[in-house]
There are 4 protein chains.
Amino acid sequence: MTDHDFKIDELVDGEELTDKQKKIIISAIESFAEKGYSATSTSEIAKKAGVAEGTIFRHYKTKKDLLLAIVAPVMAKFVAPFIIKDLKKVLDQDYEHVEDFLKAMLENRREFLIKNLPTVKILVQEIPFHPELKELFKEHIGLRIYERLEKLVEHYQEKGQIIEIPAYSVFRMTFSAIFGYLIARYMILPEAEWMMRQRQSGQSSSSCMD
Amino acid sequence: MTDHDFKIDELVDGEELTDKQKKIIISAIESFAEKGYSATSTSEIAKKAGVAEGTIFRHYKTKKDLLLAIVAPVMAKFVAPFIIKDLKKVLDQDYEHVEDFLKAMLENRREFLIKNLPTVKILVQEIPFHPELKELFKEHIGLRIYERLEKLVEHYQEKGQIIEIPAYSVFRMTFSAIFGYLIARYMILPEAEWMMRQRQSGQSSSSCMD
Amino acid sequence: MTDHDFKIDELVDGEELTDKQKKIIISAIESFAEKGYSATSTSEIAKKAGVAEGTIFRHYKTKKDLLLAIVAPVMAKFVAPFIIKDLKKVLDQDYEHVEDFLKAMLENRREFLIKNLPTVKILVQEIPFHPELKELFKEHIGLRIYERLEKLVEHYQEKGQIIEIPAYSVFRMTFSAIFGYLIARYMILPEAEWMMRQRQSGQSSSSCMD
Amino acid sequence: MTDHDFKIDELVDGEELTDKQKKIIISAIESFAEKGYSATSTSEIAKKAGVAEGTIFRHYKTKKDLLLAIVAPVMAKFVAPFIIKDLKKVLDQDYEHVEDFLKAMLENRREFLIKNLPTVKILVQEIPFHPELKELFKEHIGLRIYERLEKLVEHYQEKGQIIEIPAYSVFRMTFSAIFGYLIARYMILPEAEWMMRQRQSGQSSSSCMD
DNA sequence: CATGAATGAGGTTTCATTCAT
DNA sequence: TATGAATGAAACCTCATTCAT
């Protein structure tokens, strides 16, 4: 599934980007993640990217367009593994138990998150402030994924592995638990380096919970 | 424990605040929570508070001082319940099992979070961008709480209720799980109203997981 | 009637303008008249007025607001003499013949134009490019004056002094003739100093046609 | 005399203009007339013309060159009818009375103006702001026409049809009257569609004064 | 204490123009 | 010849902050 991400990576990022455009994107990601969208100035991005300020606006009509150009692909990539055709069957045969499914999902999305840490950080930080982002998120996650997961929940409920409560409650709880954990673990805690008194480095441990 | 919060409330918030000062704080909280610190202008806050632009700076030397004046108290209130003297004994007698302790803590901090939603939102949103905030957080949470919790972990480890891994690992996992959940459940999901297709209202359910 | 203009002058211009505001208006009039609205930069106006650029925007939210603040009063002043109550009677007794009325009007508005030359110039130059200006003009000139003049035309038609064609045709012809003349004479020709080979100066001659 | 205009049309406009050049000119005329020279951007012209931004500058070194390329021909065309050799004789035999001459001139130049409305509009709008334009105008109108008209005035003064005042005064008055009228009638009034309550359409009436 | 006019640095964006392709 | 990416100066405008009243 990882290679899935990869192909989409190429499709979305590599598509027809001039050299300077790439530099702009990279610089913007760095600065947005570090200081936040509002607190980052376009002149700063330009300087870091080694281009003239005007160049940014040739490629992205506004500063917000630049934000969207950064954040939209990570949404697309985020949903990719859920879009596999006939999801139900595939999962059915792969994962007898919900726990297996959840484990796999956690693992899979954790990898994704680590690989796209700064971009996801920007997305999570900025989503509350930009209606456009909310809309994008709704389209990608809401309308595309939610209904698939709903079926999935019902499937496992039929198998008696999930209690009989509304699917959206299951979803809400699961989402809060899994993504809450990922966000806290990889995006909030790492800022608090002071906590790491013993082992410093972020060993790419593969255990599910560390 | 709720009344505990309350006393501190008075101590910190009510202490010598002029009428205009209160209006400023309220307006600032509203705007910061809605648009973020950087994207909120002081003139906007002044207008919403019904005071002159200069008045803000009479009370808070800089815009960042205003942010700190808002965010510092919620940190203080957040740690309050952990500061009870002789925490060990108290907890020891109250909670035979870790699960009970965790349940109580989750419940207690959930109440706190709900009561201070906008302010906590601001704190969580802005902490990554302001070294001063990180420092404050470190002082409050890090140095005051962490060592207490460490002892607590060791206490439950001695009782055989927690496996023998470094205390900081236990802390990290627990923190990620509990606060990740709270953040996702109360600060991220509520933005996505679209998800609520069936039951709309946020019934103040008291079950631990909803 | 001249003193009429004057009182309005005070009312509109002098009303509550800070010292710097006046300087800004004066500088803006000068620059707009000389180079046109679009070709004049706010920084230029600020420099000429001896104020910071930000000061302009404290008083006029946008550059266009500044233009309107300059141009709106001259419209108001322009219509003033037509707003005298019971216009019909007054004119009736004053001017037996249309020619007398037209002469008086030409003379009167000529004085006005000369006294407000730069501002009127700006108005005439910019009106084609700004829908807001057109709207203002329509309100002031169109709806207020046109109907009064219509009655006037009918009045003189009854007296047999104007041929029986639609009032708006009379108005259009008269307006074109009188104001076309004034514009050409006082706003276009003076730019062509080369033509004045003999007598240079613009003596404030009072003959009706010179 | 109309066909006169035509030949010059070909001479000036058609001379060696590539397809793209024509499109650029047409787009520029449209935009300049609508928004003014300063408020029109070259990129806008390029887009409207369907050419690359750089293409404009391949043909016209600067934006102002483009303006001149548009405005210079209409000046040339404007003077054309006055340049007929032996003007004096021709006019002498054609028009016994000044009134006839003026009538013919008004009629003739009105046709010209209507046929070239957008370009003349640009010329009239921009002339006050561009010394180069004033210079061009002076060369064309001033030095070429003025002296011819001076003779004409003297001719009619000798015939006793014009009072004995300096020729330049006659010229000024006549110019103001005729061109003021044309400008007001065809370039200012048409912007005020609100005035046309009765007859909407601009019937190409041929009466001298409508 | 409170005000709000004033500031000037800095923000985003536009624009005429150049130049390698 | 035509293109359009790149430029950087300058445009309009915002903002946190100061200070005389």
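Convention: sequence-line order gives letters A, B, ...; per-chain numbering from 1.
DNA chain F is contacted by D:T55, D:R58, D:H59 of residues 55-66 of chain D, taking any non-hydrogen atom closer than 4.0 Å. The stretch residues 26-45 of chain C does not touch DNA chain E, since none of its heavy atoms comes less than 4.0 Å from the strand.
Between C:T18 and B:V51, the one whose closest nucleotide on DNA chain E sits nearer the 5' end is B:V51. Comparing A:G54 and C:Q21 by the nucleotide of DNA chain E that holds the closest heavy atom to each, the one mapping nearer the 5' end is C:Q21.
The side-chain hydrogen bond (donor to acceptor under 3.5 Å, both in side chains) search around D:E139 returns none, not counting sequence neighbours. Remark: D:E126 engages D:H130 in a side-chain hydrogen bond (donor to acceptor under 3.5 Å, both in side chains) (not counting sequence neighbours). Residues passing the salt bridge (charged side-chain N to carboxylate O under 4.0 Å, His left out) test with D:K23, sequence neighbours excluded: none. Qualifying salt bridge (charged side-chain N to carboxylate O under 4.0 Å, His left out) partners for C:E34, counting only residues two or more places apart in sequence or in other chains: none. For the side-chain hydrogen bond (donor to acceptor under 3.5 Å, both in side chains) test, no residue two or more places apart in sequence or in another chain qualifies with B:K47. Checked against salt bridge (charged side-chain N to carboxylate O under 4.0 Å, His left out), D:E30 has the following partners two or more places apart in sequence or in another chain: D:K48. Judged as a side-chain contact (heavy atoms from CB on, under 4.5 Å), and not counting sequence neighbours, the contacts of B:V74 are B:F112, B:T119, B:V120, B:L123.
Scanning both residues, C:M75 and C:L136, for their nearest heavy atoms gives SD-C, 3.8 Å. Across C:A28 and C:L66, no two heavy atoms sit closer than the pair CB-CD2, 3.9 Å.
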Would you list the atom pairs, donor with acceptor, under 3.5 Å between side chains in residues 49-58 of chain B and any protein atom, with sequence neighbours excluded?
residue	atom	partner	partner atom	Å
B:E53	OE2	C:R58	NH2	3.4
B:T55	OG1	B:A52	O	3.3

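Reading DNA chain F from its 5' end, the first and the last nucleotide to sit under 4.0 Å from a heavy atom of chain C are F:dA11 to F:dT14.
B:Y60 has its side chain out of reach of B:I70: every pair of non-hydrogen atoms, C-beta onward, lies at least 4.5 Å apart.
In terms of modelled atom types and a separation under 3.5 Å, the side chain of D:T40 and the main chain of D:S31 share a donor-acceptor contact. Panel note: side chain C:Y37, backbone C:K64; a donor-acceptor pair is recorded below 3.5 Å.
Taking the P atom of each, F:dT21 and E:dC1 are spaced 22 Å apart, rounded to whole Å.
Helical stems involving DNA chain F, defined as 3 or more consecutive Watson-Crick or G-U pairs under 3.5 Å, span E:2-21 with F:2-21.
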